[in-house]
Number of protein chains: 2
Amino acid sequence: MHSERVASRSADQRDSPRESRNGSPTLDAVSLAIIQQLQEDGRRPYAAIGKAVGLSEAAVRQRVQKLLDQGVMQIVAVTDPLTVGFRRQAMVGIHVEGDVESIADVLTDMSEVEYVVMTAGSFDILAEIVCEDDDHLLDVINKRIRALPGVRSTESFVYMKLKKQTYMWGTR
Amino acid sequence: MHSERVASRSADQRDSPRESRNGSPTLDAVSLAIIQQLQEDGRRPYAAIGKAVGLSEAAVRQRVQKLLDQGVMQIVAVTDPLTVGFRRQAMVGIHVEGDVESIADVLTDMSEVEYVVMTAGSFDILAEIVCEDDDHLLDVINKRIRALPGVRSTESFVYMKLKKQTYMWGTR
DNA sequence: CGCCACTTCTGCGAAATCCGCAAGCTTTGA
DNA sequence: TCAAAGCTTGCGGATTTCGCAGAAGTGGCG
């Protein structure tokens with residue numbers, strides 16, 4: 001009774017483990033569909049996901065586990081820290097001279113930094129920071145980020161209000 | 001055998017439904033602890049969470065459900081769209097003249113926009129965009145965002161590489 | 001103080017889910 | 001042709017989820 005399966009899907013949309021340039025495996029359509037299911041509801045049972053993507057419960061379980069192990073995906077609770085209460089948040093744009101990635105690595109190791117991305121705009125790096133209060137924020141930006149060798153200058157954007165936060169790409 | 005409970009927690013850290021200015025309820029310490037557990041693992045069973053925060057399984061279940069219903073928290077799979085494959089991503093800083101919030105609302109309704117925050121920096125709004133490809137990105141920025149009445153100017157930061165993405169505030 | 005409405009927590013069974021495992025099949029690649 | 005991967009089906013047992021009834025704490029009010 002597995003007649004309505006995806007018509008003996010094979011080869012093309014299977015996971016030929018071709019690698020994208022950055023070393024992470026390219027995902028096939030089925031894994032993408034699984035991720036999409038979990039973007040809608042991170043606790044959705046494996047059987048339900050399997051039905052949606054045309055895979056057995058066990059197969060979904062294996063795939064999800066692998067995606068988690070590989071770090072391709074994480075299943076977590078997300079909130080708006082500002083709503084949750086007691087915190088100051090800001091985006092910091094950073095101009096770097098020299099090796100951008102090494103600076104980014106340092107930022108990554110800071111616990112107050114939640115988000116680090118290297119960009120092609122006028123900033124070399126964007127980093128999102130979550131702090132206890134204004135003093136803490138000031139300390140992180142001025143004492144710890146600006147002090148890094150290679151950081152030429154920074155510009156801060158203190159968050160006033162988070163209007164949207166979704167994880168639904170692929171659902172379009 | 002629930003002796004090591006949080007010492008008859010009452011009143012102060014309970015959820016006296018005092019509202020923070022933006023209308024969302026202030027969370028008590030227990031809910032915060034629950035969220036923290038789910039930030040570490042969005043699929044962690046209720047019983048395990050209950051043991052960690054000093055509540056019964058059923059109570060945790062109710063709380064989590066309420067947090068989800070209220071929109072305070074969501075449990076989802078998150079990925080790096082760039083790693084996942086076929087997409088262009090950018091942060092766009094926007095200078096607004098006139099009503100900032102109404103512009104932010106319009107952005108919020110765009111499916112390509114994943115993240116919208118009003119800031120106190122030189123930009124009035126920061127918006128993160130996820131697109132199919134360069135053409136799509138260009139289209140969204142030039143035709144749809146820049147065209148909005150009230151948008152004075154924009155600056156784009158195309159993502160090259162996502163270095164960090166966590167949801168672990170409160171775990172410090 | 002007593003009563004009531006309301007909310008939250010607890011303590012159950014019952015149902016559903018998760019998890020590991022085994023045997024068989026197909027495709028891929030060396 | 002053989003080995004490796006990945007999927008499927010099937011299966012119990014352990015765990016988790018779920019719904020519900022009852023207990024317990026709170027706040028309003030006469």
Side-chain angles (χ1 to χ4, degrees), chain A residues 1-19 24-35 37-38 40-70 72-77, chain B residues 1-19 24-35 37-38 40-70 72-77:
Chain A
M1 50 48 123
H2 46 76
S3 46
E4 76 298 51
R5 188 63 48 69
V6 189
S8 100
R9 134 197 61 71
S10 58
D12 48 47
Q13 58 177 219
R14 256 278 169 45
D15 57 328
S16 39
R18 61 208 138 113
E19 305 255 331
S24 43
T26 300
L27 302 175
D28 66 13
V30 179
S31 288
L32 246 3
I34 291 174
I35 293 175
Q37 290 290 316
L38 290 169
E40 292 174 15
D41 176 6
R43 288 186 93 103
R44 184 163 297 169
Y46 295 131
I49 297 173
K51 199 160 303 180
V53 307
L55 231 55
S56 68
E57 177 267 345
V60 172
R61 205 189 326 144
Q62 291 174 136
R63 290 237 191 186
V64 169
Q65 196 53 55
K66 197 197 298 187
L67 289 170
L68 293 173
D69 290 343
Q70 289 175 159
V72 173
M73 157 185 91
Q74 38 182 335
I75 299 176
V76 294
Chain B
M1 53 53 118
H2 46 78
S3 47
E4 77 300 51
R5 187 63 48 71
V6 188
S8 98
R9 135 197 58 72
S10 59
D12 48 46
Q13 57 178 221
R14 254 282 168 45
D15 56 326
S16 39
R18 61 205 139 121
E19 306 255 330
S24 43
T26 301
L27 303 174
D28 66 14
V30 178
S31 288
L32 244 7
I34 291 174
I35 293 175
Q37 291 289 316
L38 290 169
E40 292 174 16
D41 175 5
R43 286 183 94 98
R44 184 163 297 168
Y46 296 130
I49 297 173
K51 199 162 302 182
V53 308
L55 231 55
S56 69
E57 176 269 338
V60 172
R61 202 192 327 143
Q62 292 176 126
R63 291 232 190 192
V64 168
Q65 195 53 56
K66 195 196 304 187
L67 290 170
L68 294 174
D69 291 342
Q70 289 175 159
V72 173
M73 158 184 90
Q74 39 182 336
I75 300 177
V76 294

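Numbers restart at 1 for each chain; the letters A, B, ... are given by sequence-line order, proteins then strands. All heavy atoms count here, side chains included; hydrogens, waters and symmetry mates do not.
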Here the distance between atom P of dG19(D) and atom CD of Q62(B), to the nearest Å, is 11 Å
Taken to the nearest whole Å, NZ/K66(B) to C1'/dC9(C) is 12 Å
Here the distance between atom P of dT17(D) and atom CG of L55(B), to the nearest Å, is 15 Å
Taken to the nearest whole Å, CD1/I49(B) to C1'/dT17(D) is 12 Å
Please list each protein N or O that sits under 3.5 Å from an N or O in nucleotides 17-21 of chain C, with the distance.
unit_1  : atom_1 : unit_2 : atom_2 : d
dC18(C) : OP1    : R43(B) : NH2    : 3.2
dC18(C) : OP2    : Y46(A) : N      : 3.1
dG20(C) : N7     : R61(A) : NH1    : 3.0

Rounding to 0.5 Å, atoms CZ (R61(A)) and CD (Q65(A)) come to a distance of 10.0 Å
- Check: R43(A) and L38(B) side chains under 4.5 Å, non-hydrogen atoms: yes
Atom CD of Q70(B) and atom P of dT7(C) are separated, to the nearest Å, by 13 Å
CG of L27(B) to CD of Q70(B), rounded to nearest 0.5 Å, is 8.0 Å
Sorted by chain and residue number, the side-chain hydrogen bond (donor to acceptor under 3.5 Å, both in side chains) partners of Q62(A) (sequence neighbours excluded) come out as none
Between its two end axes (five pairs each) the helix from dC1(C)-dG30(D) to dA30(C)-dT1(D) turns, nearest 10 degrees, through 40°
query: Is any side-chain heavy atom of V64(A) less than 4.5 Å from a side-chain heavy atom of M73(A)?
result: yes
Q.
So A59(A), base contact, sugar-phosphate only, or nothing? Heavy-atom distance under 4.0 Å.
A. sugar-phosphate
The reported gap from CG in D28(A) to CD1 in I34(A) (rounded to nearest 0.5 angstrom) is 8.0 Å
